[in-house]
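Working notes, structure below.
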Amino acid sequence: NSVHVFESPIDLMSWLTIYGRTNAVALCGLYDGPLETYLRENPHLKQIDLCLDADGPGHTAAEQMRLKYVQRGYAVSIHTPPRGKDWNEYLQLRQKCRSRER
C-alpha cells in the first residue's frame, strides 16, 4: 500500500540493494511529476515514503511534497539515509564498513 520515492534511479537501486523489493519511483530530480503519474496508475496506494537526498534541496522538496500529499489524504513519511548525502553514498559507506570487518 506504499511507494518509496527517490531523487535518482541510482538511489532507488541502492535502497533495493539494502532493503529489498518495494514499490518505488525515481523522480530524476525534484519534480514530482513521475510520482503523480505513479499514484494515478496505482490508486490503491495510501502511503508515500519520501527518500530524498539529505541535503538542503532534498529536505526542502521532501517537506513541500509531504504537505502537498498529506492534503490529498496520503500518509507521508520522510526517510533520509543514516549517513551520507543520499542512499547511494550510504550504500557505499555501508559496504566499506563491512569490508573492514572482514
> Hey, what do you get for OH (Tyr19) to CG (Leu91), rounding to the nearest 0.5 Å?
Replying inline: 10.0 Å
> In Å, rounded to the nearest 0.5 Å, how long is the span from OG of Ser8 to CG of Asn88?
Replying inline: 7.0 Å
> Would you say the side chain of Asp49 lies within less than 4.5 Å of the side chain of Val76, judging by non-hydrogen atoms?
Replying inline: no
>> What verdict does the side-chain contact (heavy atoms from CB on, under 4.5 Å) test give for His59 and Asp55, after you've listed the backbone C-alpha separation in whole Å, the side-chain angles of each residue and the deciding distance to 0.1 Å?
In response: CA-CA 6 Å; His59 291 301; Asp55 59 12; 5.6 Å; no
> Do His79 and Trp87 come within less than 4.5 Å of each other through their side chains, counting heavy atoms only?
Replying inline: yes
> Any side-chain donor-acceptor pair under 3.5 Å between Ser2 and His4?
Replying inline: no
> What closest approach, in Å, do Met65 and Leu30 show between heavy atoms, and which atom pair accounts for it?
Replying inline: CE-O, 3.3 Å
>> With heavy-atom distances below 4.5 Å as the criterion, would you say the side chains of Asn23 and Leu45 are in contact?
In response: yes
>> When you group the ILVMFWY residues by side-chain heavy-atom contacts below 4.5 Å and let the links chain together, are Ile78 and Tyr74 in the same group?
In response: yes
>> Within the 3.5 Å criterion, strictly below it, is a donor on Tyr90 or Gln95 matched to an acceptor on the partner's side chain?
In response: no
>> So, taking the atom named CG in Leu52 and the one named CG in Asp32, what distance separates them when rounded to the nearest 0.5 Å?
In response: 10.0 Å
> Between atom CG of Leu16 and atom CZ of Arg21, what is the distance when rounded to the nearest 0.5 Å?
Replying inline: 9.5 Å
> Under 4.5 Å between any side-chain heavy atoms of Glu89 and Pro81, yes or no?
Replying inline: no
> What heavy-atom pair brings Leu12 and Ala26 nearest, and what distance separates the two atoms?
Replying inline: CD1-N, 3.7 Å
> Is Thr22 close to Trp15 at the side-chain level, that is, under 4.5 Å between some pair of heavy atoms?
Replying inline: yes
> Could you go step by step and tell me if Tyr31 and Glu36 meet the side chain to side chain donor-acceptor pair (under 3.5 Å) rule?
Replying inline: CA-CA 10 Å; Tyr31 169 65; Glu36 291 281 347; over 6 Å; no
> Between Lys85 and Glu7, is there a side-chain N and carboxylate O pair less than 4.0 Å apart?
Replying inline: no
> Have Ser14 and Asp11 got a donor and an acceptor in their side chains that come within less than 3.5 Å?
Replying inline: no
> Do Tyr38 and Val3 touch side chain to side chain, with heavy atoms closer than 4.5 Å?
Replying inline: yes
> Do the side chains of Cys28 and Pro34 get nearer than 4.5 Å, heavy atoms only?
Replying inline: no
> Do the non-hydrogen side-chain atoms of Arg72 and Leu39 ever get within less than 4.5 Å of each other?
Replying inline: no
> Do you know the tightest heavy-atom contact between Ala75 and Gln47?
Replying inline: CB-OE1, 3.1 Å
>> With a 4.5 Å cut-off on side-chain heavy-atom distances among I, L, V, M, F, W and Y, is there a chain of contacts connecting Val25 to Phe6?
In response: no
> What's the shortest heavy-atom distance between Arg94 and Arg83, and which atoms?
Replying inline: N-NH2, 4.0 Å
